[in-house]
Peer 1: 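This structure is in structure tokens; I'll ask about it shortly.
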Amino acid sequence: MSRLSNEKALNLIKNAPLSELGRMAFAKKQELHPDKITTFVVDRNINYTNICFVDCDFCAFCRKVNEEDTYILSFDEIDKKIDELIAIGGTQILFQGGVHPKLKIEWYEDLVSHIAKKYPQITIHGFSAIEIDYIAKISKLSHKQVLLRLQNKGLYSIPGAGAEILSDRVRDIISPKKIGAKTWLEVHKAAHEIGMKTTATMMFGTVETDEEIIEHFEHLRNLQDETGGFRAFILWSFQGANTKLIQKYPQIKKTSSNRYLRLLAVARLYLDNFKNIQSSWVTQGSYIGQLALKFGANDLGSTMMEENVVKAAGASFRMSGDEMIALIKDLGEIPAKRNTNYDILEKFD
């Protein structure tokens, strides 16, 4: 079977009936996951600082250095959060901050080393490509040198945050100080080259065109062809409350569930070299999060013991592990708790 072309993918986004897209994406999911297992992970987002100089218009979380409510978490504060995660059976921390203008590689090495030594059972999935790029610049190192040094201290993988839309036209509008699409891809490629797996993301619903969405998919599929280093793809919609972007572009409207499911289905069909696609119940809510499992997603993502960035922009959905298990069973699939590597830790038949 030939790959989905850019032209066909664009036509599906623009014209295909939603029900037909769902049928096609679900069939592709079953081909990749015939065992009917749908996974989730118990983890916690830890934002080690909210200080950031990048100043993205779509972000309501980060603060500038001199603002009153800024913070950098102490190691003791981070330990407490990890202790709370372990108490509920968690296995992973998603570790991200703002891009702090003064923190160099040594600070990050000390942090990762501290966590890895004190909590060897916890997987550290952390630091976006934007953070890695800035650490490299301020520390006068290459991306690969930064990644190797952090890997040697215990960093397991890096998340796909900061991709937004991999089109520099869009990035110049919504996050002009952030790295370009080429650099985002270079950081992930560098990680893959040292054996470090990563995830890929897309945030839609700002000023991008359908063609730029396909451009984003194409960048990811090409790099995955080259390295095989992406574990999963996560798609979510822009959350606009409290953001400067909505003030600048009031014509941006909240995206519909139809649009989310449509793009998710096309992603499942186009990204044929990605085994795993997550449902974004954090931005869509539990019902659409469940429905996403019929549109190509095979993973419900994280139980999100803590989430601050999306919450600051107006979305505050929450879901427990028990709720995830019930939603998955309701669709006739088998729920399973996984780790960062998508290894099954426990099934709930």
Side-chain angles (χ1 to χ4, degrees), residues 1 18-45 85-94 121-123 125 156-157 159-160 197 199-201 224 228 230-236 257 260-261 263-305 307 317-349:
M1 183 176 174
L18 187 63
S19 58
E20 177 66 9
L21 270 178
R23 185 194 64 77
M24 293 167 65
F26 188 66
K28 184 66 177 178
K29 168 188 166 176
Q30 288 182 307
E31 179 186 320
L32 292 166
H33 300 275
D35 51 12
K36 293 188 175 182
I37 291 175
T38 295
T39 50
F40 64 92
V41 65
V42 178
D43 77 351
R44 182 170 196 161
N45 280 19
L85 174 65
I86 290 171
I88 65 165
T91 60
Q92 167 188 291
I93 55 171
L94 173 54
Q121 72 273 45
I122 291 293
T123 302
H125 177 59
Y156 188 68
S157 58
K197 299 290 188 179
T199 55
T201 64
Q224 185 74 330
F230 289 119
R231 277 204 186 91
F233 173 71
I234 307 102
L235 169 78
W236 67 79
S257 300
Y260 168 72
L261 294 170
L263 295 182
L264 182 74
V266 175
R268 176 65 287 168
L269 295 168
Y270 189 94
L271 298 175
D272 53 15
N273 51 5
F274 279 69
K275 187 174 182 183
N276 302 300
I277 289 187
Q278 280 186 25
S279 160
S280 180
W281 64 265
V282 178
T283 61
Q284 301 299 315
S286 59
Y287 176 71
I288 299 302
Q290 181 192 44
L291 193 56
L293 301 178
K294 289 291 189 182
F295 281 76
N298 64 287
D299 184 84
L300 271 184
S302 166
T303 54
M304 289 284 183
M305 182 180 181
E307 199 292 316
F317 297 112
R318 288 288 175 269
M319 192 159 25
S320 68
D322 287 344
E323 288 173 299
M324 286 189 171
I325 290 167
L327 286 179
I328 294 166
K329 284 186 172 181
D330 187 48
L331 290 182
E333 298 185 355
I334 302 167
K337 179 180 170 183
R338 65 167 173 86
N339 62 14
T340 311
N341 201 39
Y342 282 81
D343 300 319
I344 302 300
L345 303 177
E346 183 179 4
K347 288 184 191 177
F348 303 90
D349 295 294

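The structure displayed is predicted, hence computed values, not measured ones. We count residues from 1, following the sequence as given. The analysis underlying the following values was restricted to heavy atoms, covering all of them including side chains, and did not include hydrogens, waters or symmetry mates.
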Peer 1: When you check the side-chain N and O atoms of N341 and R231, is any donor under 3.5 Å from an acceptor?
Peer 2: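 A donor-acceptor contact under 3.5 Å links the two side chains.
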Peer 1: Has the side chain of H33 got a donor or acceptor atom that lies under 3.5 Å from a matching backbone atom of K275?
Peer 2: yes
Peer 1: Taking atom CG of D43 and atom CD1 of I88, what is their separation to the nearest 0.5 Å?
Peer 2: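 Reported to 0.5 Å precision, the distance equals 9.0 Å.
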Peer 1: Does some side-chain heavy atom of F40 sit less than 4.5 Å from a side-chain heavy atom of S279?
Peer 2: no
Peer 1: Could you grab the distance from atom OG1 of T39 to atom CD1 of I344, nearest 0.5 Å is fine?
Peer 2: 5.5 Å
Peer 1: Quick one: pull up OG1 in T201 and CH2 in W236 and give me the separation to the nearest 0.5 Å.
Peer 2: 4.0 Å
Peer 1: Scan L263, V266, L271 and name whichever one has a side-chain contact (heavy atoms from CB on, under 4.5 Å) with L235.
Peer 2: L263
Peer 1: Less than 4.5 Å apart, side chain to side chain, heavy atoms only: is that true for E323 and T303?
Peer 2: no
Peer 1: Can you tell me how far CG of L345 sits from CG of N339, rounded to the nearest 0.5 angstrom?
Peer 2: 5.0 Å
Peer 1: Taking only residues two or more places apart in sequence or in another chain, which ones pass salt bridge (Lys or Arg N to Asp or Glu O under 4.0 Å) with K29?
Peer 2: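 If we apply the salt bridge (Lys or Arg N to Asp or Glu O under 4.0 Å) test to K29, skipping adjacent residues, the hits are E333.
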Peer 1: Looking only at heavy atoms, what is the nearest atom pair of A336 and I37, with distance?
Peer 2: CB-CG2, 3.7 Å
Peer 1: How about K28 and D272: do any of their side-chain heavy atoms sit closer than 4.5 Å?
Peer 2: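 Of all side-chain heavy-atom pairs linking D272 with K28, at least one is under 4.5 Å.
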Peer 1: Are any non-hydrogen side-chain atoms of T340 and T91 less than 4.5 angstrom apart?
Peer 2: no
Peer 1: For the atom pair OG (S286) and CG (L291), what is the distance rounded to the nearest 0.5 Å?
Peer 2: 11.5 Å
Peer 1: Does the side-chain contact (heavy atoms from CB on, under 4.5 Å) test come out yes or no for K337 and F348, once each step is laid out?
Peer 2: CA-CA 8 Å; K337 179 180 170 183; F348 303 90; 4.0 Å; yes
Peer 1: Students often mix this up, so state it plainly: with edges at 30° and 60°, are the rings of F274 and F233 parallel, tilted or perpendicular?
Peer 2: perpendicular
Peer 1: Q92 and Y156: side-chain contact (heavy atoms from CB on, under 4.5 Å), yes or no, with the steps?
Peer 2: CA-CA 10 Å; Q92 167 188 291; Y156 188 68; over 6 Å; no
Peer 1: I'd like to check the side-chain contact (heavy atoms from CB on, under 4.5 Å) partners of N273; sequence neighbours left out, ordered by chain and number.
Peer 2: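 For N273, the residues satisfying side-chain contact (heavy atoms from CB on, under 4.5 Å) (neighbours in sequence not counted) are R3, R221, Q224, D225.
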Peer 1: Flag the pair D299 / Y342 as yes when at least one side-chain heavy-atom distance between them is below 4.5 Å, and no otherwise.
Peer 2: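 Side chain of D299 against side chain of Y342, heavy atoms only: contact under 4.5 Å found.
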Peer 1: Show, in sequence, the C-alpha distance, side-chain angles and deciding distance for L261 and K294, and conclude whether the side-chain contact (heavy atoms from CB on, under 4.5 Å) test is met.
Peer 2: CA-CA 9 Å; L261 294 170; K294 289 291 189 182; over 6 Å; no
Peer 1: Please find the pair of heavy atoms, one from L85 and one from V42, that lie closest to each other, and give the distance.
Peer 2: CD1-O, 4.2 Å
Peer 1: Calculate, to the nearest 0.5 Å, the distance between atoms CD1 and OG1 belonging to I325 and T38 respectively.
Peer 2: 12.0 Å
Peer 1: Given the rule in the side-chain contact (heavy atoms from CB on, under 4.5 Å) test, do Q278 and T199 qualify, once you have shown the distances and angles that lead to the verdict?
Peer 2: CA-CA 10 Å; Q278 280 186 25; T199 55; 5.5 Å; no
Peer 1: Quick one: does D349's side chain get under 4.5 Å of I334's, heavy atoms only?
Peer 2: yes
